[in-house]
Amino acid sequence: PTSKLAAVLVLLYEQAGELRVLLTTRSKSLRAHPGQTALPGGKADEGDESLVWTALREANEEVGLPLPPTSSNIHFITTLPPFLSASQLLVTPVVVLLSSPLPLVPSSLTPSLTEVDRIFDHPLEAMLDPRLLLSKGEPLVDVGEDWPYGAGDHPSDVRLDAFDGLIYRMHRFRTCASPIKGLTADILITVAELAYGHTPIYGRYPSDPSSGSSPEDADLEGGTYQALVRRRMEENERAFAVAVEKGEQT
């Protein structure tokens, strides 16, 4: 059913010779994930012609990004396989490139008063190597309310019932605003791996060569997550088929 489908927009653009990605800090007044970093996006509406349109529509609502064909500078690149959120949504990343970012991003975009506290950006390559932030002089928030984790990056491994008991590595990345973590981090790590053609310098999964495990263990951990996503997709498709047979669609 469409109630289990969502999409986010991964808006990339080049600035000073590097790829950057557009991000938001969610309003602290929201019930779900207040104050957290997010990619523009949300649940699919029944009237959406595709998940690509869902991501673009949500970006228009949240940050005022012009919808096609108003903007001819937004170029579709690809969609990635869905990610599974802790609330069991199947979230499809829609990757696009903005060919003429200045002066559009991010200062001239307009945050939704009810959904977004701040619009900012982040170097995509730093998702694979956070040390680049220091070497390039990227402004970062001080340790405190916006970064309560101390110096360095602080992943943690937790067992999630929502993921059928799978041990999940929560990555956290320091930015100029709110931390990038959780699902947003997972999506951007994958996009960065595809864009730059290599894996992160840190251990992405709990079973990882950097923690003394074999590469096969790391592959197994990633494969287990992908198998879970596929299972949720199949369950959603079966539920959709049943709803269609009953003359319902939710």
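Worth knowing before you read on, the calculation uses all heavy atoms, side chains too, and leaves out hydrogens, waters and symmetry mates. Start at 1 with the first residue, then count along the sequence.
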(message) How long is the straight-line distance from CE of M127 back to CG of L133, given to the nearest 0.5 Å?
(response) 9.5 Å
(message) If you compare all heavy atoms of W147 against all heavy atoms of V141, which two are closest, and at what distance to 0.1 Å?
(response) CB-CG2, 3.8 Å
(request) Kindly indicate whether the side chain of L39, heavy atoms from C-beta on, has any atom under 4.5 Å from the side chain of L23. (result) yes
(message) Would you say that P123 contacts K136 through its side chain, given a criterion of any heavy-atom pair below 4.5 Å between the two side chains?
(response) no
(request) Check whether any side-chain heavy atom of E58 lies under 4.5 Å from a side-chain heavy atom of L9, and answer yes or no. (result) no
(message) Membership question, hydrophobic clusters at under 4.5 Å side-chain separation (ILVMFWY): are I180 and V158 in the same one?
(response) yes
(request) Grab the two heavy atoms, one from L109 and one from V63, that are nearest each other, plus how far apart they are. (result) CB-O, 3.3 Å
(request) State whether E138 and R20 are salt-bridged, where the test is any N-O pair (Lys NZ or Arg NE/NH1/NH2 against Asp/Glu carboxylate O) under 4.0 Å. (result) yes
(request) Find out whether P40 and L11 are in side-chain contact, i.e. whether some heavy atom of one side chain is under 4.5 Å from a heavy atom of the other. (result) no
(message) Could you tell me if T37 and R118 have a donor-acceptor pair between their side chains, going purely by distance under 3.5 Å?
(response) no
(request) For V10 and P93, work out which heavy atoms get closest and say how close. (result) CG2-CB, 4.2 Å
(message) Are the side chains of W53 and L67 in contact, using a 4.5 Å heavy-atom criterion?
(response) yes
(message) Side chains of E18 and E125, heavy atoms from C-beta outward: is any pair under 4.5 Å?
(response) no
(message) Below 30° counts as parallel, above 60° as perpendicular, anything between as tilted: where do the rings of F163 and Y168 land?
(response) perpendicular
(message) Looking only at side-chain N and O atoms, does D129 offer a donor or acceptor that is under 3.5 Å from a partner on Y196?
(response) no
(message) When you compare the side chain of I189 with that of Y202, does any pair of heavy atoms fall below 4.5 Å?
(response) yes
(request) Quick one: closest heavy-atom pair of P200 and E193, and the distance? (result) CD-OE2, 3.2 Å
(message) So, taking the atom named CE in M170 and the one named CG in L183, what distance separates them when rounded to the nearest 0.5 Å?
(response) 9.5 Å
(request) State, yes or no, whether a side-chain contact exists between R204 and R169 at a heavy-atom distance under 4.5 Å. (result) no
(message) I'd like to know if R230 pairs up with E234 as an ion pair, taking the criterion as any Lys NZ or Arg NE/NH1/NH2 lying under 4.0 Å from an Asp or Glu carboxylate oxygen.
(response) no
(message) Before you tell me yes or no, could you show the steps for T54 and D48 under side-chain hydrogen bond (donor to acceptor under 3.5 Å, both in side chains), namely the whole-Å CA-CA distance, both residues' side-chain angles and the distance that decides it to 0.1 Å?
(response) CA-CA 6 Å; T54 298; D48 290 344; 2.7 Å; yes
(message) Can you tell whether the side chains of K4 and E235 come within less than 4.0 Å, N to carboxylate O?
(response) no
(message) Assess the residue pair H122 and F173 against the criterion (ring-ring contact (aromatic ring centres under 6.0 Å, His included)); give the C-alpha distance rounded to whole Å, side-chain angles, the decisive distance to 0.1 Å, and a yes or no.
(response) CA-CA 10 Å; H122 193 74; F173 299 90; 7.6 Å; no
(message) Could you report the tightest heavy-atom contact between P111 and V116, atom names first, then the distance?
(response) CB-CG1, 3.6 Å
(request) Begin from the C-alpha positions of V95 and L12 and carry the test side chain to side chain contact (heavy atoms under 4.5 Å, CB included) through to its verdict. (result) CA-CA 7 Å; V95 185; L12 304 175; 3.9 Å; yes
(request) Can you measure from OG (S85) to CD1 (I187) and round to the nearest 0.5 angstrom? (result) 9.5 Å
